[in-house]
Amino acid sequence: MSSPTHLNPSGSSRPNGVLHGLLALDQVAIDVSVSSKKRLMEEVATLLIRGNSSLNKDTVFHLLVARERLGSTGIGHGIAIPHARLNGIQTPTAAVLRLTRPLSFDALDGEPVSLVLALVVPADATETHLQILAALAKLSDDPARRADFHAATSCDDLFNLLT
Amino acid sequence: MKIVILGAGQVGTSMAEILSLEANDITLIDRNPNQLEGLQDRLDIRTIIGNGPHPNILEQAGIEDADLLLAVTDHDEVNMAACQIAHTLYRTPKKIARIRATEYLTHPEIFCNESIPIDFIISPEQIITQQILALIENPGALQVVEFAGGRIQLVGVRAYFGGPLVGHELRDLRKHLPMINTRVAAVYRHDRPIIPLGETIIEPDDEVFFIAAKAHIREVMSELRSVETPGRRVILAGAGNIGLRLARTLEDNDYRVKLIERNPERIREVANLLEDTVVLHGDAADQELLWQENIDQTEVFCALTNADEANILSGMLAKRLGAKHAIALVSRSAYVDLIESSVLDVAISPQLATVGTLLTHIRRGDMVAVHSLRRGAAEAIEAIAHGDPATSQVVGRRIDEISLPPGTTLSALVRGDDVIIAKGSTVIEAEDHVIVFVIDKQRIPEVERLFQVAATFI
C-alpha cells in the first residue's frame with residue numbers, strides 16, 4: 001500500500017511511513033488491555049522510553065498527563081496522538097499501541113480510542129517535529145489506512161504500516 | 001475524572017457530593033462504616049471501608065486507574081502517608097491533601113515529589129478565613145473572590161437606593177468613574193440572571209457582580225450603595241480553628257477584635273495564641289453580653305461555631321442589637337438559601353468555599369483558580385490561554401469574535417504584570433490569564449472546551 005510523502009527530520013522528502021526512523025519494533029504493542037486513560041499513559045511511557053536510554057518513565061508519564069490536561073489528543077475515528085516535549089533529548093521517539101477495548105478519551109468526536117500513536121520530541125521542537133505530529137493527525141482522515149491498522153495481526157504488521 | 005477520596009468527614013463527604021454531580025467517578029474510603037452508611041445510596045459514588053493508606057484498600061478503591069487522590073481525613077499524617085503510597089506504588093498523577101498543623105505548613109519545602117509527594121495542600125480553615133477577611137475589608141459585599149494572586153477581585157454586591165448608579169444605565173458607570181476600569185460580569189434580579197448590556201438599568205436590590213483591580217473595588221462599590229467607612233471593631237463568636245485563625249489575621253490587619261467562646265478550656269488555649277484580641281467567656285446568643293461588649297458600635301459580627309442554628313440565631317440577634325453587618329458560617333445549603341440577604345448579610349458555606357480550590361484541579365484545561373458563586377449555581381474561573389490561532393479557539397481572536405456559551409462573560413485578562421479589563425476589541429494572546437464569569441454552571445464543559453488546545457498543540 002502507498003504511504004503519503006513526508007518530510008523526515010533532515011527535511012528531505014521520503015516515501016516511507018510517518019514514523020520511519022522514530023519507531024523500533026519493541027515500541028509497538030497490540031492487544032493492550034487497560035482500564036483507564038491513566039494506565040494507558042503508563043503503558044505509553046513504558047514503550048516510549050525504549051527509544052532513548054536517557055528517558056525516565058515517570059517524567060514521560062507526567063508530561064503526557066500534563067499535556068492531555070490542556071486538551072485531549074484524541075483526534076477522532078478512534079485514534080489518539082498523545083505527545084510531550086522533553087528536555088535532554090535530541091531526536092523524537094514514538095510508540096504505537098492498539099487496544100483490545102476502546103477507551104473513553106474525551107476525543108473531538110466523542111469516539112472511544114483504540115489506536116494510540118505517541119510521540120516525544122525535544123523541548124525546542126522544530127517545524128519538522130510539528131510536521132510529524134501533523135502527519136500523525138492526518139492518518140485519522142484516511143478510512144483505508146484506519147482499516148489497515150485495525151486489520152494488522154501482529155506488531156510487525158503495525159510496525160510496517162507506519163515505518 | 002476518576003477520583004479516590006480518603007476520609008468521609010465533613011470535607012470528604014461534601015466534596016464527594018458536589019463532585020459526583022459533575023460526571024466524576026468517585027470512590028470514598030473511610031475506616032468507620034458509620035461514616036459511610038447511606039452515602040452510597042444517597043450519592044452516586046462507591047464506598048470502601050478500610051484503612052485508607054493501606055495499599056490493598058487503595059487498590060480496592062481503584063487507585064491504579066485514578067487521576068486524583070484527595071486525602072482529607074482528620075489526621076495530617078494519614079493524609080501524607082496516603083499521598084506517599086499513591087505516588088510511589090501507583091504513580092497517581094495528582095495528589096491533594098488536607099494538612100492542618102502549622103508545624104508542617106511552615107515548611108512547604110517538604111511537600112515535593114522527592115520528599116512528601118503532595119501536589120496541592122488544602123486548608124479549608126485558611127480558605128474560609130481569607131473569604132471572611134475579604135468581606136470584612138469590603139463592608140456590604142456579598143462575596144469577594146480573587147484572581148491573579150489577588151490583583152483582580154470579583155465582587156458581588158446588592159444595589160441600594162442612594163447608590164449613584166442605581167436607576168441608571170450600566171454605561172453611565174464609565175461617566176461616573178472615568179478613571180476606573182471595571183466591568184460588570186453579571187446582574188441578578190429577583191434571583192434570576194440578566195445579561196448585562198450597556199443599556200441595562202440597575203434597579204435597587206439587584207445583585208451586581210463586577211470585576212476590577214483590587215485598588216478600585218471600593219470606588220465601584222460606592223456607585224451601587226451609599227458609601228461606608230469601614231469600622232475596625234469586629235466581634236467573633238466561636239474560638240474554633242476558624243475563629244482563632246480569623247482573630248489572628250484581623251489582629252495583623254489592625255482590627256479591634258473580641259472573641260466570644262463558651263468553653264473555658266479553649267479560652268485558655270487560644271488566649272495564649274492571641275495578642276490584642278479580647279477573649280470573652282460566654283454565649284454569643286446572650287443579649288446582655290453583646291450589649292456589654294458594645295454590639296451596637298460593631299462593624300461586623302461573625303458567628304463561627306460548629307452549629308449552624310446557633311450561628312444563624314446569634315447573627316440575627318447581633319444584627320437586631322445594632323451590629324452593622326452579620327456574617328454566619330452555615331454548612332447546610334438549605335439554610336444558606338433561606339437566610340442570606342434576608343436575616344443575615346452573608347452566610348458562608350464552608351463546603352462551597354472549599355470546593356472551588358478542588359475544582360481548579362479537576363476542570364479540564366489549564367485553570368489557575370475556580371470560585372463557586374451564588375451558592376454553587378455560578379462560577380468564576382481564571383484559565384490560561386495556550387496555543388496559537390490554529391490550535392486555540394481563543395488565542396489571536398478579539399473577544400467579540402469568540403463564540404461564547406450563553407451567559408458567559410470574558411471579564412478581564414492578566415498579561416504578564418498588566419491587568420486588562422476586557423472590551424469587545426481586546427485580542428487574547430497566548431499565555432494570557434482569562435477571567436471568565438459563567439452564570440450557569442451547566443455551561444462549564446463548553447467553557448472548558450473553549451480553552452482546550454487542539455490535539456496537534458505541542
Side-chain angles (χ1 to χ4, degrees), chain A residues 34-42 45-46 57-76 79-86 92 103-110 113 117 119-127 129-138 140, chain B residues 1-4 23-25 27 59 61-69 86-95 112-114 117 119 359-368 383-388 390-395 430-431 445 447-458:
Chain A
V34 287
S35 48
S36 60
K37 197 167 173 178
K38 181 237 167 191
R39 283 216 226 182
L40 171 64
M41 290 305 170
E42 291 185 280
T46 305
K57 183 177 161 183
D58 284 358
T59 310
V60 172
F61 168 73
H62 284 289
L63 286 169
L64 290 170
V65 170
R67 166 60 188 85
E68 213 61 39
R69 191 172 175 236
L70 298 182
S72 173
T73 59
I75 51 176
I79 300 181
I81 53 167
H83 56 271
R85 290 172 188 256
L86 205 56
L103 193 66
S104 160
F105 214 84
D106 202 18
L108 215 55
D109 60 357
V113 158
L117 308 164
L119 189 70
V120 286
V121 301
D124 51 347
T126 62
E127 191 54 35
H129 301 132
L130 300 181
Q131 282 175 15
I132 300 168
L133 198 66
L136 285 177
K138 261 193 209 126
S140 75
Chain B
M1 208 178 222
K2 290 179 197 286
I3 302 171
V4 173
N24 290 299
D25 174 353
T27 307
E59 280 175 31
I63 193 76
E64 289 161 290
D65 290 319
D67 304 292
L68 174 77
L69 170 69
H87 177 77
T88 309
L89 295 183
Y90 311 111
R91 223 177 262 114
T92 307
K94 196 146 252 174
K95 299 155 296 286
C112 61
N113 279 353
E114 292 68 36
D119 300 293
L359 292 177
T360 307
H361 299 275
I362 288 168
R363 295 269 178 260
R364 297 183 191 85
D366 198 356
M367 301 288 169
V368 184
I384 303 179
H386 291 290
D388 55 33
T391 53
S392 162
Q393 295 175 60
V394 292
V395 173
E431 313 313 315
V447 177
E448 289 177 308
R449 237 168 279 143
L450 192 66
F451 281 91
Q452 282 183 294
V453 292
T456 49
F457 172 77
I458 196 162

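Each chain gets a letter, A, B and so on, in the order its sequence line appears, and its residues count up from 1. Computed from a prediction, not measured in an experiment: that's the story for all the values here.
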Check your understanding: So, the side chain of A/S72 versus the backbone of A/D106: is there a donor-acceptor pair under 3.5 Å, distance only?
Key -> yes
Which bit of [X] comes within less than 4.5 Å of chain B, counting heavy atoms only: side chain, backbone, both or neither?
X	result
A/K57	side chain
A/R67	side chain
A/S35	both
A/V121	side chain

**Study point:** Greatest number of heavy atom pairs closer than 4.5 Å to chain B - which of A/K37, A/M41, A/H83
**Key:**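 If we count pairs closer than 4.5 Å to chain B, A/H83 comes out on top.
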Review point. Who wins among A/D58, A/V34, A/L119, A/L40 for the most heavy-atom pairs under 4.5 Å with chain B?
Key: A/D58
Heavy-atom contact with chain A under 4.5 Å, split by part of [X]:
X	value
B/D366	both
B/R363	backbone
B/Y90	both

Exercise for review: To the nearest 0.5 Å, tell me how far A/L70 CG sits from A/T73 OG1.
Suggested key: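 Rounded to the nearest 0.5 Å, the CG-OG1 separation comes out at 11.0 Å.
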Practice item. Measure the CG-NE2 distance between B/D67 and B/H361 for me, rounded to the nearest 0.5 Å. Key: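 Answer rounded to 0.5 Å: 14.0 Å.
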Check your understanding: Highest number of heavy-atom pairs under 4.5 Å with chain A: which of B/R364, B/H386, B/R91, B/Q452?
Key ->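 Heavy-atom pair counts peak at B/R91.
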Review point. Top residue by heavy-atom pair count (under 4.5 Å) with chain A, among B/G62, B/A66, B/G387?
Key: B/A66
**Study point:** Residues B/K95 and B/D119 bridged, charged N to O under 4.0 Å
**Key:** yes
Exercise for review: In plain terms, say whether B/D65 and A/R39 are close enough for a salt bridge, that is, a side-chain N and a carboxylate O under 4.0 Å apart.
Suggested key: yes
Exercise for review: Fit a plane to each ring of A/H62 and B/H87, take the angle between them on a 0 to 90° scale, and name the class: parallel (under 30°), tilted (30 to 60°) or perpendicular (over 60°).
Suggested key: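 Rings of A/H62 and B/H87: parallel, as their planes differ by under 30°.
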Revision key, fill the gap. Closest non-hydrogen atoms of B/P93 and A/V65, given as atom of the first, atom of the second and distance, are CB-CG1, 3.9 Å
Revision key, fill the gap. Residues B/E64 and B/E59: closest non-hydrogen pair is OE1-CG, 3.8 Å
